[in-house]
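Within every chain, numbering begins at 1; the chains are lettered A, B, ... in the order of the sequence lines, protein sequences first and strands thereafter. Bear in mind the structure is a predicted one, so any value in this text is a computation, not a measurement.
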Number of protein chains: 2
Amino acid sequence: MNILDKITRNSELFSKSEKKVAEAILANPQTAIHSSIATLANLSGVSEPTVNRFCRRLDTKGFPDFKLHLAQSLAQGTPYVNRNVDENDGPEEYTNKIFESTMAALDIAKQSVDISTINRVVDLLTQAKKISFFGLGSSASVAHDALNKFFRFNVPVVYFEDIVMQRMSTMNSTEGDVIVLISHTGRTKSLVEIAQMARANDAIVVGITAADSPLGRESNYVLSLDVPEDTDMYMPMASRIAQLTLIDILATGFTLRRGNKFRENLKRVKESLKDSRFSLN
Amino acid sequence: MNILDKITRNSELFSKSEKKVAEAILANPQTAIHSSIATLANLSGVSEPTVNRFCRRLDTKGFPDFKLHLAQSLAQGTPYVNRNVDENDGPEEYTNKIFESTMAALDIAKQSVDISTINRVVDLLTQAKKISFFGLGSSASVAHDALNKFFRFNVPVVYFEDIVMQRMSTMNSTEGDVIVLISHTGRTKSLVEIAQMARANDAIVVGITAADSPLGRESNYVLSLDVPEDTDMYMPMASRIAQLTLIDILATGFTLRRGNKFRENLKRVKESLKDSRFSLN
DNA sequence: TCAATTTTGTAGTAAAATTACAACTTAAGT
DNA sequence: ACTTAAGTTGTAATTTTACTACAAAATTGA
């Protein structure tokens, strides 16, 4: 639907000159919608028909129709586009690009989450006897963060980044335990094995991973996040950030579900941190 | 701003035929934006110049410009605002709110970063003999993530979340070492002490923290991020996510600075991960 | 290296929007 | 009721903009 996304994502569909047009538009979409086909052709350094062909390739009726779509995208509140960092970018460029593509990734992820699964998982977490968060590599820090968040809730929660510890912990799991496994690809062998072990012990497995993956298939519940692929080398993994946001959501759902008395408790935890801090002045 | 509102409200400004145009547009705005001036004139039962005059009266440059404004009005969705989660929100509401306020936080953080400091810090990191990332609490997982990213670069990098280990490591630091300390508030006592120790050893201290804070003042370089305060209990800490994005930016700057041969190396690391994964099928 | 295919631009054409101006309408003053 | 001036609307010409057909250039594969 959103034509700006379409331009960024289907960039391989364009020919060389069409890519120039795409760049010119992405560089300054506000200018683009107020330009005539001739002006935009100039700006992109191509001929008018090329601009026209570019519009057609995006399934619009022509240039004016394209401008309409573009105007709508801009108004839609999605000013963030996933622009790739390239070799010649200076600090200003790559800083802005990374911020923007992270926001764009979150926006896409937002549209892909399944609310009812979230609700169900929050349910399970509030009733869990023990909650475990496991991940490896870059997902380990996400699991680590989850530990931090849930630890404040004063519930039994564990986190390991060591495969052996993860296995040992899982072997001792029982019915009523919830094990959250985090993996972007869902193809990390040792996590898939953990999922199998956990289910054999009647523990519930929640996968924060791709739905159609070995880990996804071994999980009782899958929270999948569509995140634009990190196509090139420079692109940082936006999936981590989407995963963290998902953790925030689960933690928030958890707090809301627990009700008022529980939140009093949370305040106390926050207070207790003050001792390890310098005062405000 | 919104042109649809303007049409409805300022109806007394229009002449008789212009009102016909207004009606025709309000009756079916979706059709209007896809019509030519001739079609719309027909639909309204007036002449083409009348339609044009109608557009001008609404302070647009002409018919095409008017269509753009109209298209934007129609597409106008909710922009990213920092809406707080409240007690009565269901899963759908709090999920959307958290995604949106995270994006809003990134947007604000983006505007507050100091590019020249980033550039300077990237410089230091590429020349460092050893890089350390330390954080506590929720900043520990950010440091953990930084370790992951920089570890791939095959540079000497360490990370500890244990205060004692952090101190020991810092005591052995020397000139040429860079120590990155992460703390949202910048008031964590033990990190401030580490900053002092590090500087006493001629190591360079980079603080990812508030500029005007004890830790900020003890750092050689401060990368500060303005992030909306988590005003209430339910609000998750968006600062973590902004910090992670900053780590991404530093890592990207690092890769870009190191040049081509270095990136070949990165590819090899990516390849080597494949063995621990299931194949794509 | 040559033929086939794709991509791109030039020049001409068609369509759309705008302008200038004339005709009509309306309302006020005589 | 007639005249006139201001305002409104439409016709026709003009200008601008977008599109099409075709030819040149570039790319690809044999």
Side-chain angles (χ1 to χ4, degrees), chain A residues 3-4 6-74, chain B residues 3-4 6-7 10-74:
Chain A
I3 202 130
L4 263 173
K6 219 169 170 182
I7 297 174
T8 6
R9 268 185 280 187
N10 303 20
S11 67
E12 71 290 346
L13 267 176
F14 301 136
S15 71
K16 214 192 317 178
S17 332
E18 281 168 359
K19 272 179 194 143
K20 286 190 207 167
V21 181
E23 272 177 48
I25 290 167
L26 293 175
N28 206 339
Q30 282 297 342
T31 314
I33 58 171
H34 292 111
S35 309
S36 72
I37 197 167
T39 321
L40 185 58
N42 251 326
L43 243 80
S44 323
V46 300
S47 70
E48 299 184 23
T50 301
V51 175
N52 195 273
R53 282 186 283 258
F54 169 84
C55 300
R56 291 255 162 83
R57 196 168 311 273
L58 291 160
D59 301 314
T60 62
K61 287 184 185 172
F63 184 68
D65 188 40
F66 167 78
K67 282 206 291 187
L68 246 57
H69 281 268
L70 189 58
Q72 298 211 338
S73 296
L74 289 175
Chain B
I3 202 130
L4 262 174
K6 219 168 169 182
I7 297 174
N10 303 22
S11 65
E12 72 292 344
L13 268 176
F14 301 136
S15 72
K16 215 194 313 181
S17 335
E18 281 168 358
K19 272 177 194 147
K20 287 190 206 168
V21 181
E23 272 175 50
I25 290 167
L26 292 174
N28 205 340
Q30 282 297 340
T31 313
I33 58 170
H34 292 111
S35 309
S36 72
I37 196 168
T39 323
L40 186 59
N42 252 326
L43 242 79
S44 324
V46 300
S47 71
E48 299 184 24
T50 301
V51 175
N52 195 275
R53 283 187 281 259
F54 169 84
C55 300
R56 292 254 163 83
R57 198 169 307 275
L58 291 160
D59 300 314
T60 62
K61 287 184 184 172
F63 185 68
D65 188 41
F66 167 77
K67 282 208 290 188
L68 283 171
H69 282 268
L70 189 57
Q72 298 208 333
S73 296
L74 290 174

Quiz prompt | Selected nucleotide, minimal atom distance to A:Ser15 side chain, candidates C:dT7, D:dA18, C:dT18 | solution = C:dT7
Quiz item: In Å, rounded to the nearest 0.5 Å, how long is the span from CD1 of A:Ile7 to NE2 of A:His69?
Solution: 11.5 Å
Practice problem: In whole angstrom, give the distance that lies between atom CZ of B:Phe63 and atom C1' of D:dT15. | Solution: 18 Å
Quiz item: Can you tell me how far P of C:dT6 sits from CD of A:Glu18, to the nearest Å?
Solution: 14 Å
Practice problem: Would you indicate what B:Val51 reaches in the nucleic acid, counting non-hydrogen atoms under 4.0 angstrom: base, sugar-phosphate, or nothing? | Solution: nothing
Quiz item: Looking at the side chain of A:Val46, which of C:dG9, D:dA18, C:dT19 is the nearest nucleotide?
Solution: C:dG9
Exercise. Rounded off to whole Å, could you give me the NE2-to-P distance for the A:His34 and D:dT16 pair?
Key: 20 Å
Quiz item: Is there a side-chain polar atom (N or O) of B:Arg57 under 4.0 Å from OP1 or OP2 of D:dT8?
Solution: no
Exercise. Could you please spell out the steps behind the side-chain contact (heavy atoms from CB on, under 4.5 Å) verdict for A:Val46 and A:Phe54?
Key: CA-CA 11 Å; A:Val46 300; A:Phe54 169 84; over 6 Å; no
Quiz item: Out of C:dT8, D:dA18, C:dT18, which has the shortest distance to the side chain of B:Ile37?
Solution: C:dT18
Practice problem: Check whether any side-chain heavy atom of A:Thr39 sits under 4.5 Å from a side-chain heavy atom of A:His34, and report yes or no. | Solution: no
Quiz item: From the list D:dA18, D:dT20, D:dC19, which nucleotide is the closest neighbour of the side chain of A:Pro49?
Solution: D:dT20
Quiz item: Do you know which of A:Arg57, A:Arg53, A:Arg56 makes salt bridge (charged side-chain N to carboxylate O under 4.0 Å, His left out) with A:Glu18?
Solution: A:Arg57
Quiz prompt | Side chain of B:Arg53 - closest among C:dA17, C:dG9, D:dT9 | solution = D:dT9
Quiz prompt | From D:dC19, D:dT11, C:dG9, nucleotide with atom closest to A:Thr50 side chain | solution = C:dG9
Quiz prompt | Nearest-nucleotide pick for A:Ser47, side chain only, options being C:dT10, D:dG10, D:dC19 | solution = C:dT10
Self-check item: Spacing of A:Ile33 atom CD1 relative to D:dA18 atom P, expressed in whole Å
Solution: 14 Å
Self-check item: Residue A:Glu48, side-chain atoms from C-beta onward, closest of C:dT19, C:dA17, D:dA18
Solution: D:dA18
Quiz item: Taking C-beta and beyond as the side chain, do A:Gln72 and B:Ile33 meet within less than 4.5 Å on heavy atoms?
Solution: yes
Quiz prompt | Atom-to-atom span, CZ of B:Phe66 to P of C:dT18 - whole angstrom | solution = 12 Å
Quiz prompt | A:Asn52 vs D:dC19: side-chain N/O to OP1/OP2 distance below 4.0 Å | solution = yes
